[in-house]
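Side-chain atoms are counted along with the backbone in the values below, which use heavy atoms only and exclude waters and symmetry mates.
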Amino acid sequence: MKQFSFHKKEKLKSRKLTDKLFAEGRSFTVFPIKVFYTFSDEALDFPVKTGVGVSGRNFKKATDRNRIKRLLREAFRIQKEELIQIAKSNHKYVGVFLLYLDKTLPEFNVLKTTMHKALQKLSTKIGEIPSANN
RNA sequence: CUACAAACCCGAACUAUCGCUUCAUGUUGAGCAUGAUGAGGAAAGUCCGGACAGUACAGAGCAACCUACCGGUUAACGGCCGGUUCCGAUUUAUCGGAAAGAAAGUGCCACAGAAAAUAACUACCACGCAAGUGGAAAAGGUGAAAAUGUGAGGUAAAAGCUCACAGUAGUUGAUGGUAACACAAUUACGGGUAAACCUUAGGUACUGUAAUGCCAUGUAUAGAACCCUUGGAGAGCUGCUCGCUCAAUUCCUGCAAAGGAAAGGGUUCAGGGUAGGCAGCAAGAUUGCAGCAGUAAUGCUGCAGCCAGAUAAAUGAUAGUAUUGGAACAGAAUCCGGCUUACGAGGUUUGUAGUUUU
RNA sequence: CGGGAGGUAGUUCAGCCCGGUAGAAUACCUGGUUUGGGACCAGGGGGUCGCAGGUUCGAAUCCUGUCCUCCCGA
């Protein structure tokens, strides 16, 4: 499997799963990124399924929303490998949704570092959860 | 050369690494590899017009809405092209706006003014001692607007009462033009407002691709109330009226009317399931070039081409080269034809005016 | 994708249909009342009527375009 790929199967697409994520999932914020996540033992077709989003209220123009979503995906794509390995080793299936909160267009390098912090935090949470699993 | 006006074009290139959509080929258990492919002139606003789909599409009247100089163009249009009349901007080129009807009827026209539409305050003329009666509408002042304007004749004083010129409207024409209109003759003289109601002429069925058709999964061939089965519940045809169309049967009792049973149908209520896939959906009122017809919009013919198709939704990141030190407005979601609005650096062509040189 | 409503004083709204004076409440300012404050009484200021064109003698109001805000349906 290619290391830096980000194709359809890795994306969070199902309406059912997305609704479940927002209804039952937890979240934390590493400004300007808010991370929603759930862990599941139920088998999915890929260990980590990810979606991105921007509020249409903060960015009225579709071009701006598209640009932010592309930058979020890019930042995630480059740094996701560690998260996938941890998820595999813990035999968990993870749903993640990344929401951009700020009202100004981001610089890619800044976004990259904050994304790194966010993914590290998520990785530690995966490590904690199985012990406290019910 | 400068300024201005109009029409049109373009929409930051290349290399490397990683990565994405769709398609094709190979191989395959998932998948992987290779190759091709991938946003706009406005994709936007949603202001018009269609295509397409559904509603079981005889239709008539009313209502509602839209359009409004004339001709052409088109699948269609409120768009576009050409022309007519009037108004405005500019120095010109040129550009912008308006144009069915106020002489069918109703309403409105603040303040001021005698009067805002069947005119008569001051003033004028005649009669009368006067009060007043009659005539008449030139002059005064008010107002955005005052009974068609100017000049002459005319009269007791006046007046389109008459005449000349001008204006508006109607009628007529073997006149010119397809027509708007122009021209001529003749008749009349009537305030403005239809982006007030309205009248006239022409037109419009409604709902939208999350339409619609099908497959899979799954629940419950389930439940309650009321009604109906040709004397018809209800549905459809346009919002309303008329009218029309569609719409589900057997048994038992009874002479019949009718009643009962089963089955089926309809409306409403309460509740349950799905949250996936395929088609629609990418070859078309298509794109480019050339020729022909036409003032033009546009049409016809020939040759060549295939040019996004997603569904939490594909074009990005990093580094470098070049450049005016970094780029504008901005992202397809059923598809076309327009309109409107936003916009960077420029370029091309044509025209007008000015300056210089010859 | 489709449909609807609204932009007027600092704020919340009326006026628009049927065109001629922009108004109410509250807030603000001044004075009175009170020992002082609040409440109350009297007076006052404050408006490109979202923006740009047009119709009209005259436009917040009518027409057209445009910008912004909010709501609804699937």
Side-chain angles (χ1 to χ4, degrees):
Chain A
M1 177 139 345
K2 291 166 72 174
Q3 192 178 355
F4 296 114
S5 69
F6 190 61
H7 48 81
K8 268 185 161 182
K9 294 220 166 182
E10 301 182 42
K11 293 178 187 172
L12 180 65
K13 289 162 95 77
S14 164
R15 194 192 195 91
K16 230 176 178 174
L17 282 174
T18 314
D19 289 346
K20 193 184 171 193
L21 191 152
F22 282 113
E24 302 173 10
R26 301 174 171 217
S27 68
F28 63 89
T29 304
V30 180
F31 193 82
I33 302 170
K34 185 167 189 178
V35 182
F36 293 87
Y37 62 95
T38 55
F39 306 114
S40 170
D41 298 321
E42 205 175 318
L44 302 172
D45 51 6
F46 199 81
V48 180
K49 285 176 89 73
T50 311
V52 296
V54 193
S55 167
R57 191 174 292 270
N58 291 341
F59 293 92
K60 205 167 167 49
K61 291 169 185 169
T63 38
D64 294 338
R65 290 199 299 273
N66 277 348
R67 170 146 188 90
I68 289 165
K69 279 149 79 173
R70 282 166 186 162
L71 292 177
L72 283 173
R73 274 197 291 266
E74 183 68 13
F76 177 79
R77 179 180 72 80
I78 292 172
Q79 305 177 83
K80 71 190 166 86
E81 192 53 34
E82 189 185 354
L83 181 68
I84 293 172
Q85 292 305 326
I86 291 172
K88 274 184 176 171
S89 62
N90 286 288
H91 301 290
K92 289 287 176 185
Y93 293 93
V94 186
V96 184
F97 195 88
L98 305 167
L99 194 67
Y100 186 77
L101 294 177
D102 205 355
K103 292 185 180 179
T104 53
L105 280 169
E107 286 283 319
F108 178 74
N109 284 324
V110 178
L111 200 64
K112 195 175 169 184
T113 52
T114 48
M115 179 65 77
H116 186 65
K117 289 180 197 167
L119 293 183
Q120 277 191 330
K121 192 166 178 180
L122 187 60
S123 301
T124 56
K125 283 188 183 290
I126 293 173
E128 291 167 7
I129 287 284
S131 57
N133 199 10
N134 47 1

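As a whole-Å value, the separation of Lys112(A) NZ from rG316(B) C1' is 14 Å. Atom P of nucleotide rA317(B) and atom CD of Glu107(A) are separated by 10 Å, given to the nearest angstrom. Taking atom CD of residue Gln79(A) and atom C1' of nucleotide rA317(B), one finds them 12 Å apart after rounding to whole Å. The distance from atom CE of Met115(A) to atom C1' of rA317(B) is 13 Å, rounded to the nearest whole Å. Going from atom CZ of Arg65(A) over to atom P of rA312(B) covers 15 Å, rounded to whole Å.
Taking syn as a glycosidic angle within 90° of 0, rG326(B) does not qualify and is anti. rG41(B) adopts a syn glycosidic conformation, its chi angle falling within 90° of 0. rC307(B) shows a glycosidic angle within 90° of 0 and is accordingly assigned syn.
Across every strand in view, rA144(B) sits unpaired, with no contact that passes the Watson-Crick or G-U test at under 3.5 angstrom. Searching all strands for a Watson-Crick or G-U wobble partner of rC292(B) with both distances below 3.5 Å returns rG299(B). rC198(B) is paired with rG101(B) under the criterion used here, namely a Watson-Crick or G-U wobble arrangement in which both key atom distances are under 3.5 Å. Nucleotide rU48(C): unpaired (no Watson-Crick or G-U wobble partner with both distances less than 3.5 Å). When both pairing distances are held under 3.5 Å, rU94(B) makes a Watson-Crick or G-U pair with rA89(B). The partner of rG19(B) cannot be assigned: no Watson-Crick or G-U wobble pair with both contacts below 3.5 Å exists in any strand. Nucleotide rG272(B) forms a pair with no other nucleotide shown, judged by Watson-Crick or G-U wobble geometry with both contacts under 3.5 Å. Of the nucleotides present, rA13(B) is the one that pairs with rU321(B) by Watson-Crick or G-U wobble criteria, both distances under 3.5 Å.
The same atom, C1', is picked in rC18(B) and in rC23(B); the two are 23 Å apart, to the nearest Å. Nucleotides rU106(B) and rG141(B) are separated by 34 Å at their C1' atoms, to the nearest Å. As rounded to the nearest Å, rG337(B) and rG41(B) have P atoms that lie 11 Å from one another. If you take atom P in rG82(B) and the same atom in rC72(C), they sit 50 Å apart, rounded to whole Å. When the C1' atom is used for both rA262(B) and rC228(B), the distance is 16 Å, rounded to whole Å. To the nearest whole angstrom, the two P atoms, one in rG101(B) and one in rA195(B), are 12 Å apart. The same atom, C1', is picked in rC9(B) and in rA345(B); the two are 14 Å apart, to the nearest Å. Distance noted for atom P between rA182(B) and rA205(B): 39 Å (whole Å).
Taking every heavy atom of both residues into account, Phe36(A) and Ser27(A) meet most closely at CD2-CB, 3.8 Å. Minimum interatomic distance between Gln79(A) and Leu119(A) (heavy atoms only, all atoms of both residues): O-CD1, 3.4 Å.
A heavy atom lying under 4.0 Å from RNA chain B marks the following residues of residues 66-76 of chain A, by number: Asn66(A), Arg67(A), Arg70(A), Leu71(A), Arg73(A), Glu74(A).
Proximity of Lys11(A) to the phosphate of rA312(B): no side-chain N or O atom is located under 4.0 Å from OP1 or OP2. For the OP1/OP2 pair of rG331(B) and a distance below 4.0 Å, the side-chain nitrogens and oxygens of Thr63(A) include at least one atom meeting the criterion.
In terms of the side-chain contact (heavy atoms from CB on, under 4.5 Å) criterion, residue partners of Arg67(A) (sequence neighbours excluded) are, by chain and number, Leu71(A).
Note on Val110(A) and Leu99(A): separate hydrophobic clusters, where clusters join Ile, Leu, Val, Met, Phe, Trp and Tyr whose side-chain heavy atoms are under 4.5 Å apart, directly or indirectly.
Checking Val52(A) against Ile78(A), the closest nucleotide of RNA chain B that is more toward the 5' end is the one next to Val52(A). Of the two residues contacting RNA chain B, namely Asp64(A) and Phe108(A), the nearest-nucleotide position lying further toward the 5' end is that of Phe108(A).
Of the candidate nucleotides rG19(B), rG331(B), rA312(B), rG19(B) has the atom lying nearest to any side-chain atom of Arg77(A).
With Leu101(A) as the fixed residue, the side chain to side chain contact (heavy atoms under 4.5 Å, CB included) test singles out one of Ile33(A), Val54(A), Thr29(A): Thr29(A).
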